[in-house]
There are 2 protein chains.
Amino acid sequence: MTSFQQFVEQAGRPISLAKGDHLFLQGDVDSSAYLVSTGMLKAYYLREDGREHIKSFLPEGSVIGSMVAMLDGEACTFSLVAIEDSEVIALPYRQLAEAAQGDLALANSLVGFLAAYGRRKERREFELLSMSAEDRYANLLAEMPHVAERVSQADLASYTGITPQALSRIKRRNKTR
Amino acid sequence: MTSFQQFVEQAGRPISLAKGDHLFLQGDVDSSAYLVSTGMLKAYYLREDGREHIKSFLPEGSVIGSMVAMLDGEACTFSLVAIEDSEVIALPYRQLAEAAQGDLALANSLVGFLAAYGRRKERREFELLSMSAEDRYANLLAEMPHVAERVSQADLASYTGITPQALSRIKRRNKTR
DNA sequence: ACGTCAAATGAACCTCGGTTAATTACACCG
DNA sequence: CGGTGTAATTAACCGAGGTTCATTTGACGT
């Protein structure tokens with residue numbers, strides 16, 4: 001019986017990243033998942049017009065990977081870059097899935113991770129669909145203060161789905177109240 | 001070795017729904033997943049101001065359930081209603097997860113489902129974050145034509161994240177081009 | 001203290017979608 | 001046929017956020 005922790009120790013490959021280093025770019029084929037040990041990464045979509053939209057911030061303890069890249073072997077749908085000097089551990093997904101085929105505990109760890117991922121995305125979907133930019137920003141400050149204070153205004157805006165200028169306006173509106 | 005198909009047959013409870021019937025309401029505690037056999041459901045968020053935002057359409061073959069409700073026993077974050085007369089099969093998630101604890105094949109089926117769910121939500125996140133309402137509408141027509149033609153304008157608009165009036169404007173703009 | 005560079009703020013103008021309300025189109029039924 | 005109810009369209013007005021560009025702030029090195 002293998003635990004996830006054991007799998008990480010046996011099959012994981014540690015990687016050191018300086019601020020600004022990419023783990024993969026949108027369009028790359030990379031079927032690994034990554035566990036963030038220290039530092040912080042951001043996952044973002046790059047549009048043709050050059051604008052970038054931040055999918056998620058990944059502080060210590062986060063696990064990330066492109067679902068379609070891991071599961072279908074297709075190109076990654078987003079890019080992954082360190083916004084602080086970071087240590088991550090690469091986990092080859094295919095190997096993880098194969099190990100899970102013959103390992104009940106590992107399979108159930110995987111179920112737990114995927115379920116947690118689904119839950120996070122469900123929440124994000126709600127925010128993007130049903131909340132205004134202003135509410136999303138307030139929510140970000142409330143839910144992830146430790147992240148918000150380590151991240152630039154521009155990145156906070158990009159995560160919220162607006163421009164830095166619009167975020168600045170929101171902050172001003174909030175002050176005067 | 002139990003397959004998912006067998007689990008559905010053994011533990012599934014069939015339910016008949018008339019158009020307009022709810023399976024559960026936002027705020028209910030309901031830790032079941034549902035497999036849609038025939039017809040179509042919609043999952044939607046209801047805001048305090050009364051506006052509703054459609055999370056997803058669920059035609060035949062879809063599986064749906066509130067992640068937080070299934071995993072944490074919390075209240076459902078959205079409502080689930082039939083928009084056509086439908087047949088669904090209720091799958092008690094806790095029972096499914098427990099069965100998976102002792103059943104490798106079932107656990108891996110579960111991994112497959114959760115992964116597919118993650119993939120769908122990842123795509124939706126991209127659409128909501130990086131695409132305009134107009135592009136999301138075009139995308140909906142391209143990706144799910146079979147769904148789009150069975151659904152009211154108001155529901156298509158709600159899924160796209162805009163009002164029926166705005167959707168009407170978009171359609172007009174597209175015609176004149 | 002000064003210069004430099006990037007981040008953040010601010011202002012002017014524009015576009016898209018929301019809001020409200022009226023109008024048209026269409027299905028169903030007496 | 002006309003009547004009724006619902007879905008869809010249209011119009012007029014408004015506000016949030018985008019775009020462009022200028023200004024200010026702040027961190028850092030000299």
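Sequence lines set the chain letters: A, B, ... in the order given, protein chains first and strands last, and positions in each chain run from 1.
- For A/V8, the side-chain contact (heavy atoms from CB on, under 4.5 Å) partners are A/F4, A/L35, A/I89, A/L91, not counting sequence neighbours.
- In summary, contact between chain B and DNA chain C, defined as any nucleotide atom under 4.0 Å from a heavy atom of the protein, begins and ends at C/dG17 to C/dA21 in the 5' to 3' direction.
- Applying the ring-ring contact (aromatic ring centres under 6.0 Å, His included) rule to pairs touching residues 123-154 of chain A yields A/F126-B/Y45, sequence neighbours excluded.
- Of the inter-residue distances, the one linking A/L141 atom CG with A/L156 atom CG reads 7.0 Å to the nearest 0.5 angstrom.
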Just the table, please: protein N/O against nucleotides 25-27 of chain D N/O, every pair under 3.5 Å.
none

Under 3.5 Å, which N/O atoms of the protein pair with N/O atoms of nucleotides 10-16 of chain D?
from: D/dT10; atom 1: OP2; to: B/R172; atom 2: NE; distance (Å): 3.0

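- In terms of the salt bridge (Lys or Arg N to Asp or Glu O under 4.0 Å) criterion, B/E98 has no residue partners (sequence neighbours excluded).
- The stretch residues 145-161 of chain A touches DNA chain C through A/S152, A/Q153, A/A154, each having a heavy atom under 4.0 angstrom from the strand.
- Atom OH in A/Y137 sits roughly 16 Å away from atom C1' in D/dG17 (whole-Å rounding).
- Whole-Å rounding puts the A/E52 CD to D/dG18 P distance at 15 Å.
- Residues forming a side-chain contact (heavy atoms from CB on, under 4.5 Å) with A/R119 (at least two apart in sequence, or on another chain): A/A116, B/M67, B/V68, B/L71, B/D72.
- Among pairs with a residue in residues 69-96 of chain A, those fulfilling ring-ring contact (aromatic ring centres under 6.0 Å, His included) read A/F24-A/F78, at least two apart in sequence or across chains.
- Under 4.0 Å is where a charged nitrogen must lie from a carboxylate oxygen, and between B/D49 and B/R51 no such pair does.
- The shortest distance between side-chain heavy atoms of B/L23 and B/I64 does not fall below 4.5 Å.
- Residues forming a side chain to side chain donor-acceptor pair (under 3.5 Å) with B/Y34 (at least two apart in sequence, or on another chain): B/D30.
- Look at CD1 on A/I170: it is 13 Å from C1' on D/dG18, rounded to the nearest Å.
- With a 4.5 Å cut-off on side-chain heavy atoms, B/V81 and B/K42 count as touching.
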Ignoring hydrogens and angles, write down the donor-acceptor pairs under 3.5 Å from the side chains of residues 54-61 of chain A, residues two or more places apart or on other chains.
from: A/K55; atom 1: NZ; to: A/Y117; atom 2: OH; distance (Å): 3.4
from: A/K55; atom 1: NZ; to: B/E125; atom 2: OE1; distance (Å): 2.8
from: A/E60; atom 1: OE2; to: A/R150; atom 2: NH2; distance (Å): 3.1

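- Closest non-hydrogen pair, A/P92 versus A/A11, comes out as CD-O, 3.9 Å.
- Among residues two or more places apart in sequence or in another chain, the side chain to side chain donor-acceptor pair (under 3.5 Å) test is passed with A/N108 by none.
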